[in-house]
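Below, chain A is the first sequence line, B the second, and so on; all start at residue 1.
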Amino acid sequence: MTLQIYNTLTRKKENFNAVEKKKMKMYVCGMTVYSDAHIGHARTYFAFDMIRRYFEFKGYKVTYVQNITDVDDKIIAAANKEGVNALEYSARFTDRCLKDLDNLGIRRADIYPKASETIPEMIDMIKDIVEKGYGYESDGDVYFSVEKFEDYGKLSGQKLEDLMSGARIDPGENKRNPFDFALWKKSKPGEPTWDSPWGPGRPGWHIECSTMSSKYLGLPFDIHGGGMDLRFPHHENEIAQAEAATGGAFANYWMHIGLLTVNGEKMSKSLGNIINVKDLLLKWDPEIIRFFFAQAHYRSPPDFSEKALENTEKGLTRIHRLKERLEELCKDIDSIESIKKEKLTDDERKFLQIIEDFKAKFENAMDDDFNTPEAVATIYDFVNASNKCVEDCSNPNQNICKYGLQTLLEFGKILTLFQPKKGTDDAIFVKKLQLLIGKYGKETDDEDLDNLMKIMLTLRQEARKRKDWIIADNIRNELREIGFEIQDTADGSVWRKI
RNA sequence: GGGCGGGUAACAAAGUGGCUAUGUGGCGGACUGCAGAUCCGCAUACGAGGGUUCAAAUCCCUCUCCGCCCUCCA
């Protein structure tokens, strides 16, 4: 199956055809940097990270550009309130926002162009637009004339007259049509200002994306994306500007990410329910948050809640358990030897088939417009089938286990799973274990986690032998409290960090 | 008013003209000293009404309800 993408422009799923063979060039509208990154940003950039990863998996060389809007009304307002320079202010938040997303485990784009560093190119594009008759100057401002651009409305599926009927926008004294939008804004006191053929001023919002995308990717490029909210007017205007200026096509596929809600409500400043990434990370493992995103299709609006994260965590743990189980089963081998089918037992052949099914189904799901919920379901199918298989075989073939593990890791990586955890400090666990061991009358200054756990489990095993279930259960509970889960199996007790 | 997208079991969330989605939760069983993990089994679905079809939750029509966008927003 070939990769299909739902294109907002045509409102259909289309086969993906790259502009340049085996390359994928993607531009995503980035953050306006005047406050910390929130979970809505996270959801959108998770989606594009996943999309980029899947293209890489498919063998594409990806160029991913995500702009930083660092010149904007809200930034200026916030900076003025604090009495600092607007560009310094936005530089500070650029750093903070990108770090928030780093901490969430979302991989960075390849290029983060800033509006403030692309002004000359924007002025050039505005000049082209005006020269070709699509823009006009009006008292130091420059506007785009939507009536001149025949295709205006093609992305959002609206005609100009439709827009007019429900218009609630300010006509604007200098505009010829209420839907005309600013390409260049005349300088006002207290604002960052650049010189231009129309006098001092600053760029309008929409022009930066038309300019930066074409500057870094060339036209046309493959995918242009952003949050659902940007479809109109932002993306509509971007198309108008770029295609008016160049006369050619802009982006081939438009992708829009469904907006996240919080406890069933739209997330907004006025409702006061904005959840910052920083705050969320205080309580939740980033992998759980990312996996929560993966469980909803990128075009649907997921509803965020603590309950949802709790459920996500439980499911994710099952996947991790299988991963650990397979790791244990194939720990003696470094790499897979070629698997000779004719030499396999029935059970082994069955396991191999489970893995092959998993591969086919996972890729099919992802090829179908990045259907991550279905892809996740194939992971669970794989988990269930593997668990059963491993249980049925007394001594599973290590090569096949390794093959299954590698497949799981490879697909997990596309969904951003299994990233190395950030320095969990063992020292605190060591300390707690030493104390617990002391409580049961043994002293140790051993600082090796495995050794300490071995001591604890031996203590418990002795209690179990003399059927002292109270001590045995206490030890199990106390270990759980300090972060270790104990399971008694036929081959003895095993532990894992919670 | 215009545009877009939805209504699936307790909840979340895919899919689809006939074949178990999946996860969390619930019930029963195996295993266990108990628990946990794991496995097996069970229950609860496709907003309403028409139509097409051998067969529709899936296609068509009508109705209804919900969300988002049309103002800054990922």
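A:S213 meets the side chain to side chain contact (heavy atoms under 4.5 Å, CB included) test with A:Y27, A:F221, A:F250; sequence neighbours excluded. Partners of A:K154 according to the side-chain hydrogen bond (donor to acceptor under 3.5 Å, both in side chains) rule, which considers only residues two or more places apart in sequence or in another chain, are A:E243. Every residue two or more places apart in sequence or in another chain that forms a side-chain hydrogen bond (donor to acceptor under 3.5 Å, both in side chains) with A:E328 is listed here: A:K331. Legend: residues meeting salt bridge (charged side-chain N to carboxylate O under 4.0 Å, His left out) with A:K350, ordered by chain and number and at least two apart, are absent. Taking the side-chain hydrogen bond (donor to acceptor under 3.5 Å, both in side chains) definition, one finds that A:K99 meets it with A:D95, sequence neighbours left out. Checked against ring-ring contact (aromatic ring centres under 6.0 Å, His included), A:H206 has the following partners two or more places apart in sequence or in another chain: A:F181, A:H234. With sequence neighbours excluded, the residues satisfying side chain to side chain contact (heavy atoms under 4.5 Å, CB included) with A:P396 are A:L329, A:V390, A:C393, A:C401.
Counting non-hydrogen atoms under 4.0 angstrom, A:G40 reaches a base of the nucleic acid. As judged by a 4.0 angstrom heavy-atom cut-off over every strand, A:L260 is placed among the base-contacting residues. Counting non-hydrogen atoms under 4.0 angstrom, A:F382 reaches nothing in the nucleic acid. In this structure, A:G153 reaches neither bases nor backbone, as no heavy-atom distance under 4.0 Å exists between it and the strands shown. Among the protein residues, A:H297 comes within range of the sugar-phosphate backbone only, with heavy atoms under 4.0 Å from sugar or phosphate atoms but none that close to a base. Among the heavy atoms of the strands lying under 4.0 Å from A:S300 are primed sugar atoms or P, OP1, OP2 only; no base atom is included. Nucleic acid contact for A:L259: base, since at least one base atom lies under 4.0 Å from a heavy atom of the residue.
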Can you give me the N/O atom pairs linking the protein to nucleotides 35-41 of chain B at distances under 3.5 Å, or say none if there are none?
{"unit_1": "B:A35", "atom_1": "N6", "unit_2": "A:D488", "atom_2": "O", "d": "3.1"}
{"unit_1": "B:A35", "atom_1": "N1", "unit_2": "A:D488", "atom_2": "N", "d": "3.2"}
{"unit_1": "B:A35", "atom_1": "N3", "unit_2": "A:R476", "atom_2": "NH1", "d": "2.9"}
{"unit_1": "B:G36", "atom_1": "N2", "unit_2": "A:D488", "atom_2": "O", "d": "3.3"}
{"unit_1": "B:U38", "atom_1": "O3'", "unit_2": "A:N387", "atom_2": "ND2", "d": "3.3"}
{"unit_1": "B:U38", "atom_1": "O2'", "unit_2": "A:E391", "atom_2": "OE1", "d": "2.9"}
{"unit_1": "B:U38", "atom_1": "O2'", "unit_2": "A:E391", "atom_2": "OE2", "d": "2.5"}
{"unit_1": "B:C39", "atom_1": "OP1", "unit_2": "A:N387", "atom_2": "ND2", "d": "3.4"}
{"unit_1": "B:C39", "atom_1": "O4'", "unit_2": "A:E391", "atom_2": "OE1", "d": "3.4"}

Atom pairs under 3.5 Å: protein N/O with N/O of nucleotides 25-29 of chain B:
none

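B:C73 atom C1' lies 15 Å from atom CZ of A:R231, rounded to whole Å. Residue A:H38 contributes atom NE2, which lies 16 Å from atom P of B:C72 at whole-angstrom precision. Here B:G3 presents its P atom at 14 Å from CG of A:L160, a figure rounded to the nearest Å.
Between B:A74, B:G23, B:G2, one nucleotide has an atom nearer to the side chain of A:Y380 than all others, and that is B:G23. Set against B:G3, B:A14, B:C34, the side chain of A:N371 has B:A14 as its closest nucleotide. With B:A14, B:C68, B:C70 as the candidates, the nucleotide lying closest to the side chain of A:K266 is B:C68. Distances from the side chain of A:F179 to the nucleotides B:G3, B:C70, B:G23 place B:C70 closest.
Going from the P atom of B:A48 to that of B:G7 covers 13 Å, rounded to whole Å. Rounded to the nearest Å, the gap between the C1' atom of B:G15 and that of B:C34 is 42 Å. Taking atom C1' in both B:U62 and B:A9, one finds a spacing of 27 Å when rounded to whole Å. Using P as the reference atom, B:A14 and B:G23 are 16 Å apart when rounded to the nearest Å.
Looking at A:E236 and A:S156, their side chains do bring a donor and an acceptor atom within 3.5 Å of each other.
Using a 5.5 Å limit on the distance between ring centres and a 30° limit on the angle between planes, the aromatic ring of A:F232 does not count as stacked on the six-membered base ring of B:G3.
Salt-bridge annotation for A:E327 and A:K402: absent, with no side-chain N of the basic residue lying under 4.0 Å from a carboxylate O of the acidic one. A salt bridge is absent between A:D100 and A:R96: the closest approach of a Lys/Arg side-chain nitrogen to an acidic carboxylate oxygen does not fall below 4.0 angstrom. With salt bridges taken as basic N to acidic carboxylate O contacts below 4.0 Å, one links A:D49 and A:R53. Taking the charged nitrogens against the carboxylate oxygens, A:D488 and A:R464 do have a contact shorter than 4.0 Å, which makes a salt bridge.
Residues from residues 67-75 of chain A placing a heavy atom under 4.0 Å of any atom in RNA chain B, listed by number, are A:K74.
Ring orientation note: the planes of A:Y45 and A:H41 are close to parallel, at an angle under 30° on the 30°/60° scale. Using cut-offs of 30° and 60° for the angle between ring planes, the A:F16 and A:Y253 rings count as tilted.
In terms of phosphate contacts, A:T32 brings a side-chain nitrogen or oxygen within less than 4.0 Å of OP1 or OP2 of B:A74.
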*Using a 3.5 Å limit on both pairing distances, list the dot-bracket string of RNA chain B from the 5' end; Watson-Crick and G-U wobble pairs count, crossing pairs take [ ], interstrand pairs take |.*
(((((((..(((.....[...))).(((((.......)))))....(((((..]....))))))))))))....
Only pairs under 3.5 Å count here: list side-chain donor-acceptor contacts from residues 143-153 of chain A, not counting sequence neighbours, and write none if there are none.
{"unit_1": "A:Y143", "atom_1": "OH", "unit_2": "A:D141", "atom_2": "OD2", "d": "3.4"}
{"unit_1": "A:E147", "atom_1": "OE2", "unit_2": "A:N177", "atom_2": "ND2", "d": "2.5"}
{"unit_1": "A:Y152", "atom_1": "OH", "unit_2": "A:N237", "atom_2": "OD1", "d": "2.5"}

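For the pair A:G157 and A:R43, nearest-nucleotide mapping onto RNA chain B gives the more 5' position to A:G157.
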